[in-house]
Amino acid sequence: MSNAVALTEGQFNWIYNTLSFGLISMIACTVYTLVSQPRVLPKYRKALVLSSMVTFIAGYHYWRIFNSFHEAAGDGYSITVRGANNAFNEGYRYVDWILTVPLLLVEAIAVLALAKEVASSLTTRLVIASALMIGLGYPGEISMDNNTKILWGVLSTIPFLYILYVLFRELGASLERQPAGVAATVGRLRLLLIGTWGVYPISYMFPLFDIGATDAFVWRQTGYTIADILAKCVFGLTIYKIARMKSAAEGMKDE
Ligand SMILES: *C/C=C(C)/C=C/C=C(C)/C=C/C1=C(C)CCCC1(C)C
């Protein structure tokens, strides 16, 4: 097994720029959701604080991932992926997810402003399931062996499906209780969540396809980064929109 992925100059620049775009998206989104807090009612501010935290944590990790990618290339375009202390560190993504995925789930629950008991039972179940999903995925992510990848991938998919099922049902049930106009946006939030979270297992599987280690690397980094921007930034902005609409429906006036 080779310890390096030989990227072309074009592939190197593509990943370099994609990671850079991911980094600035996270930073810009953090600033926006932070300064927008006074524009929603206090009870919805927790959802915005959570969104700022998610993109802040992800911004930090994108900065680390970006630097790690650059260092792993040395003077050329070939990325060292193991066997050296400057090897590209895929672990940053998993550290990021184990923190941000539970926070994203709590963020979605917070904006719905559900009854306390419903919210806390949902939070417990979803936080446990998300930790299992990420923890079980990691051994497969770093393995070089396809069978090992498949085994951990399948195990990780069990809590993943559970999370999607619970969210689909609970967000669906809450649709009926939302003020007019908000229901459509909550429906879009649900689609965004299911659509973007589905990109992660697909990106995880690229090394299993018969496309060569280099293309699999490029596609996986691209898939994870685009999915992160959608699942964290665009998701956060949708949460903000819902919070604004609900605040207006509950009598908040704009200055
Ligand atoms: C901001 C980061 C987010 C929303 C990350 C989400 C990650 C997943 C939904 C990952 C799922 C995986 C599987 C369902 C199977 C293969 C292993 C994973 C961890 C990539």
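Start at 1 and go down the list; that is how both ligands and their atoms are numbered.
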Check the angle between the aromatic planes of Tyr92 and His61 and answer parallel, tilted or perpendicular using the 30° and 60° thresholds.
tilted
Using 30° and 60° as the class limits, which term best fits the ring planes of Phe209 and Phe206: parallel, tilted or perpendicular?
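The arrangement is perpendicular - the two ring planes meet at more than 60°.
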Below a 4.0 angstrom heavy-atom separation, can you tell me which part of [X], side chain or backbone, both or neither, approaches ligand 1?
X	answer
Leu136	neither
Trp197	both
Thr196	neither

Side chains of Ser247 and Arg45, donor plus acceptor under 3.5 Å:
no
Could you identify the single nearest non-hydrogen protein atom to [atom] and state the distance to 0.1 Å?
atom	value
atom 18 (C) of ligand 1	Ser156 OG, 3.9 Å
atom 9 (C) of ligand 1	Met133 CE, 3.5 Å
atom 10 (C) of ligand 1	Tyr200 CB, 3.5 Å

Atoms of ligand 1 close to [X] [distance to a heavy atom under 4.0 angstrom, numbered from 1]:
X	answer
Val101	2 (C), 3 (C), 4 (C), 5 (C), 6 (C)
Gly153	15 (C)
Asp228	1 (C), 2 (C)
Phe160	9 (C), 14 (C)
Thr100	1 (C)
Lys232	1 (C), 2 (C), 3 (C)

Donor-acceptor pair, distance only, cut-off 3.5 Å: does the side chain of Lys232 make one with the backbone of Thr55?
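No, the answer is negative, given that no donor and acceptor are paired below the 3.5 Å cut-off.
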Quick one: does any side-chain atom of Thr196 pair with a main-chain N or O of Leu192 as donor and acceptor, under 3.5 Å?
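Pair found, side chain donor or acceptor close to backbone of Leu192.
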Which residues satisfy the ring-ring contact (aromatic ring centres under 6.0 Å, His included) test with Tyr77, sequence neighbours excluded?
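Tyr77: ring-ring contact (aromatic ring centres under 6.0 Å, His included) contacts with Phe12.
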Hey, does the Lys NZ or Arg CZ of Arg190 hover above the aromatic six-ring of Phe168, less than 6.0 Å from the centre and inside 45° of the axis?
yes
List for me each residue that meets side-chain hydrogen bond (donor to acceptor under 3.5 Å, both in side chains) alongside Glu170, sequence neighbours excluded, and say none if there are none.
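Partners of Glu170 under the side-chain hydrogen bond (donor to acceptor under 3.5 Å, both in side chains) test: none.
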